[in-house]
Amino acid sequence: MDPTTDNAGTTGDPGPARASLEALRAEIAKAVVGQDPAVTGLVVALLCRGHVLLEGVPGVAKTLLVRALASALELDTKRVQFTPDLMPSDVTGSLVYDTRSAEFSFQPGPVFTNLLLADEINRTPPKTQSSLLEAMEERQVTVDGTPRLLPDPFLVAATQNPVEYEGTYPLPEAQLDRFLLKLTIPLPSRQDEIDVLTRHAEGFNPRDLHAAGVRPVAGPADLEAARAAVAKTTISPEITAYVVDVCRATRESPSLTLGVSPRGATALLATSRAWAWLTGRDYVIPDDVKALALPTLRHRIQLRPEAEMEGVTADSVINAILAHVPVPR
């Protein structure tokens with residue numbers, strides 16, 4: 001995904017909602033150097049009402065990226081550091097006994113926010129990980145038999161470290177499938193790293209985004225208008241069939257034990273639609289599907305052990321499928 005690429009067939013004036021979301025890149029760049037694809041992925045997830053799994057080694061600004069997005073979007077955000085002793089009620093909230101009224105009252109947990117940063121989500125046991133499943137899928141939390149709606153918009157941005165596995169609990173397939181996108185956060189280029197160090201030498205404090213000049217450039221109303229516009233983006237029958245063919249090809253790949261489910265195909269169609277709108281078109285083309293295939297599908301497939309031993313990766317399998325599935329004209 002690269003928002004800087006030129007797109008033929010744009011509609012011209014992007015409109016206020018698109019312009020506001022485009023301004024996010026410049027605003028977040030005040031705090032985070034580079035990482036444009038990750039910023040775009042987070043915006044796509046917001047447009048599709050989905051959730052994001054951010055994977056990268058420690059120190060590549062995963063947490064800072066989410067905090068900067070929340071500041072630039074004027075959204076409420078909360079952070080939960082996932083640890084082995086974290087309990088489900090620490091995330092969702094619990095009933096608390098009030099001695100004055102002699103009644104139990106619900107104390108909301110940090111999940112009641114617009115943007116929840118689940119830091120190092122794979123460091124907590126499955127019991128606590130599963131506390132997010134209902135929130136991510138149903139946009140509600142049920143405590144003592146009573147469902148409580150979460151605010152809108154609501155997005156879970158979870159981070160995990162791909163190189164340190166001791167003391168971690170890999171996310172089960174059912175939970176991975178709840179994430180709309182899996183974004184990999186790479187190490188910065190040499191020039192970007194020089195820019196990072198220069199900013200810190202000049203006094204940049206990553207804990208004070210206000211001092212860094214990050215200001216709200218869009219709000220919930222802009223996001224709602226953008227979602228309505230995305231819903232009007234045209235998807236031809238040929239594009240729908242192309243998405244289905246790509247996903248079905250993963251189920252037939254000899255390198256995989258698990259292919260993309262129909263829910264994954266629906267996710268790819270939705271993210272392609274959002275990307276088409278962000279780039280200025282009111283219709284989806286095959287290049288939109290290709291641009292979002294990796295982040296939308298890479299966590300929904302499972303490699304065979306022998307393929308992993310041969311150096312095959314999820315990304316390489318998806319790229320090979322994209323190269324062989326016929327593209328509609």
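From a predicted model like this one, the values you see are computed outputs, not experimental measurements.
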Donor-acceptor pair, side chain of R251 and main chain of V260, under 3.5 angstrom: yes
Ion pair check, D152 and R227, cut-off under 4.0 Å: yes
Any side-chain heavy-atom pair of D76 and P151 under 4.5 Å: no
Carboxylate-amine/guanidinium contact R281 D288, below 4.0 Å: yes
Atom pair CG (L24) and OG1 (T40), whose distance is rounded to the nearest 0.5 Å: 9.5 Å
Exercise: do T313 and D315 side chains pair donor with acceptor under 3.5 Å: no
Any donor-acceptor N/O pair, R148 side chain to Q140 backbone, under 3.5 Å: no
For E137, all residues meeting salt bridge (charged side-chain N to carboxylate O under 4.0 Å, His left out), sequence neighbours excluded: R178, R263
R215 and E27 ion-paired at < 4.0 Å: no
Q302 and T257: side chain donor to acceptor below 3.5 Å: yes
Minimum side-chain heavy-atom gap N114-F154 below 4.5 Å: no
Aromatic contact, F82 with Y169 (centres under 6.0 Å): no
Side chain S131, main chain V91, donor-acceptor under 3.5 Å: no
H51 side-chain N/O to A157 backbone N/O, donor-acceptor pair under 3.5 Å: no
